[in-house]
Amino acid sequence: MSSRFLKSYETSFQANIIDSLRKLSKNEDYESFNLIMTEEQAGLSKIFSESLGVTARSYIQTVMGAELARMVNIKQRNASLEEQNNFYSEVIIAPLKAEQELDGLVANYLPINLSQLQNALLIKQAKLKLGLRFNNFRAYRLANFDGKPTIEIVLYIDNEASKNFRSAWLGVKGLPLKSLSFCSVSSLSEHVNQVSIFANIFDLNCMHVGQRGLRYER
Amino acid sequence: MNKVSPELYKAISSVKNTKEINAAFPSDELGINLSGDSRQLIKVLSETFSQSEADFAETILLHALSETLKVMPDVLSEKEFNKLEERIIKELGLAAYLSLRPVFPFAQGIQLPNFAEVSSQKGIILGKWVTSDEMIVINDPVTDKSLFSYSKGIQPELSVDGFTWQWVGTNVKPVYLQPVNSNNFVSTIDSADVLFIEGVGYFYREDEYLDDLKFSAYSNIEDKIIQHKEFTDLFSVIGNEQSTYSIQPKTDAFKMALQKSCGEWEIGKVRIQIFSLHNVMISPDNNHV
């Protein structure tokens with residue numbers, strides 16, 4: 001990994017971008033840009049533009065301008081965690097296969113929107129960590145034992161460690177936040193009971209779900 | 001699925017019909033004119049994300065393309081939209097269309113898969129997807145014997161993954177298999193999701209996340225050839241009649257592979273077809289678009 005990339009982990013995205021944007025002149029001149037695309041993207045652009053009755057050039061200029069404007073808007077207004085997360089997910093794209101892997105998660109983990117998260121500690125942690133290193137958040141709810149508050153889970157990609165979903169934060173009302181790492185999504189499915197037991201133990205902070213079972217740390 | 005952003009929605013809806021004509025397009029490079037601000041933004045954002053400007057621009061384009069498809073039903077008439085879909089599938093192939101991840105309404109969607117993965121107590125079974133007026137039938141891909149049949153009258157339930165149906169006590173995943181088009185065996189098998197070995201049957205990529213080229217047998221394979229020396233010289237075979245077979249090509253297989261046609265290879269006496277697998281997202285609800 002380039003040192004530049006590592007360095008950019010350290011500086012906050014917000015400061016970086018907003019500052020750079022301020023420096024931009026309100027320059028309405030047009031500049032040319034050479035867009036390189038795959039055969040499939042070129043084909044789609046052609047078909048879409050012809051359906052709209054414009055040239056591919058006008059179509060692409062319009063949609064790319066709109067996409068860039070949207071990215072700036074997200075950073076400038078007070079965007080929600082969900083909007084910011086979507087923004088990162090578009091630029092730092094999770095491999096399709098990593099996404100498909102999540103589809104295999106057993107139904108005990110109920111997928112929810114980030115905006116549906118209730119646990120204040122978990123939301124705070126997710127907001128704080130979202131950036132170039134931690135991104136592509138996915139929120140889940142896991143039923144807890146009788147009468148106990150629901151377990152909320154945010155899975156994330158740690159780009160420094162892996163391009164796949166291998167880590168999560170767990171929040172249960174009244175308990176400190178916990179970290180969870182796992183060797184594969186299928187092991188997370190397999191050990192769903194142990195995950196909820198772990199979530200309820202007050203003084204355990206970290207758990208790893210490995211191929212040969214579990215490891216806890218205080 | 002995310003809602004389309006207002007910025008993009010407005011932009012696409014407002015693109016005027018200018019009756020211009022595409023001159024000599026598509027090609028893999030297009031010179032476009034961006035406003036000074038947009039041009040600067042590409043520079044700043046790509047630097048922030050440590051990507052090249054070209055890669056970053058491609059990322060934005062890719063996102064804009066799949067978002068465009070979601071806006072189109074509001075911009076075009078139903079007839080025009082159907083024509084658009086047909087044209088993409090006809091000119092670029094169904095796999096290209098599926099990569100935009102549209103969700104199809106039931107009646108239209110069930111025409112699209114060519115195979116289905118069915119998990120039942122017997123394990124994961126691969127079958128050919130055949131539709132008639134009343135039924136959807138899953139046939140054994142080798143013998144053509146009917147394995148499962150479902151009445152269209154009984155609505156399946158969609159599971160949380162968005163791909164798999166819970167249907168009459170089974171899990172059914174409609175898929176589209178497309179031959180991998182590459183004239184290099186290494187890259188072909190690297191992007192393979194499913195293999196068909198003549199005389200044996202179909203295999204699926206075991207763990208797509210490791211770089212392992214390990215393929216597991218679907219539970220409906222014929223295992224006559226798999227123990228023959230001709231086969232084991234080319235593939236390491238793990239497993240036995242009581243458990244699932246996994247196979248992995250050996251170095252010799254790479255040396256000997258000869259291309260016969262698109263996605264079809266001959267390795268010694270073994271003939272093998274190589275496919276990529278695309279999930280087809282079909283809503284059980286007919287009114288869903």
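Every chain is numbered from 1, with letters handed out A, B, ... down the list of sequences.
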Could you go through the side chain to side chain contact (heavy atoms under 4.5 Å, CB included) check for A/Arg70 and B/Ile60 one step at a time?
CA-CA 11 Å; A/Arg70 181 179 58 92; B/Ile60 297 175; over 6 Å; no
Stepwise, does the side chain to side chain contact (heavy atoms under 4.5 Å, CB included) test hold for B/Ser38 with A/Met64?
CA-CA 8 Å; B/Ser38 294; A/Met64 289 200 45; over 6 Å; no
Can you list the steps and then say if B/Ile88 with A/Phe48 is a side chain to side chain contact (heavy atoms under 4.5 Å, CB included)?
CA-CA 9 Å; B/Ile88 296 174; A/Phe48 282 148; 4.0 Å; yes
Decide yes or no on side chain to side chain contact (heavy atoms under 4.5 Å, CB included) for A/Glu90 and B/Thr59, but give the supporting numbers first.
CA-CA 8 Å; A/Glu90 278 163 29; B/Thr59 305; 5.6 Å; no
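Proximity to chain A (any heavy atom under 4.5 Å) is shown, for B/Glu80, by neither the backbone nor the side chain. Neither the backbone nor the side chain of B/Tyr9 comes within contact range of chain A; no heavy atom of the residue lies under 4.5 Å from a heavy atom of that chain. Contact annotation for B/Phe56: only side-chain heavy atoms (C-beta onward) come within less than 4.5 Å of a heavy atom of chain A. Using a 4.5 Å cut-off between heavy atoms, A/Ile47 contacts chain B through both its backbone and its side chain. For a residue to count as touching a neighbouring chain, one of its non-hydrogen atoms must lie under 4.5 Å from one of that chain's; by this rule B/Leu76 touches chain A with the side chain only. The contact between A/Ile60 and chain B is made entirely by side chain atoms (from C-beta outward), counting heavy-atom distances below 4.5 Å. With a 4.5 angstrom heavy-atom cutoff, B/Ser99 touches chain A only via side-chain atoms. Looking at B/Asp55, there are no atoms closer than 4.5 Å to chain A (heavy atoms on both sides), in backbone or side chain. Both the backbone and the side chain of B/Arg87 come within less than 4.5 Å of a heavy atom of chain A.
When each of A/Asn113, A/Thr62, A/Leu110, A/Asp103 is checked for heavy-atom pairs under 4.5 Å with chain B, A/Asp103 comes out on top. The residue among B/Gly93, B/Ala64, B/Ser46, B/Ser159 with the most heavy atom pairs within less than 4.5 Å of chain A is B/Ala64. In terms of heavy-atom pairs under 4.5 Å with chain A, the best-connected choice from B/Leu69, B/Ile12, B/Leu92, B/Leu34 is B/Leu34.
With rounding to the nearest 0.5 Å, the separation of CG in A/Leu44 from CG in B/Leu61 is 9.0 Å. To the nearest 0.5 Å, atom CG of residue B/Asp37 and atom CD of residue A/Glu31 are 9.5 Å apart. Separation of atoms OG (A/Ser51) and NZ (B/Lys83) is listed at 9.5 Å; rounding is to 0.5 Å.
A donor-acceptor pair under 3.5 Å links the side-chain atoms of A/Gln61 to the main chain of B/Asn33, judged by distance alone. A donor-acceptor pair under 3.5 Å is formed between the side chain of B/Gln51 and the backbone N or O of A/Val91. Of the possible donor and acceptor atoms, one in the side chain of A/Arg57 sits under 3.5 Å from a partner among the backbone N and O of B/Gly31.
Between A/Glu50 and B/Leu84, every side-chain heavy-atom pair lies at or beyond the 4.5 Å cut-off. Put simply, the side chain of B/Glu58 does not reach to within 4.5 Å of the side chain of A/Leu35, judged on heavy atoms. You'll find the side chain of A/Asn34 stays beyond 4.5 Å of the side chain of B/Leu30, heavy atoms only.
Pairing each heavy atom of A/Ser45 with each of B/Leu65, the nearest pair is OG-CD2, 3.9 Å. When all heavy atoms of A/Glu40 and B/Ala96 are compared, the closest pair comes out as CD-CB, 3.5 Å. Contact record, A/Phe33 with B/Ala57: CE2-CB, 3.6 Å, taken as the closest heavy-atom pair.
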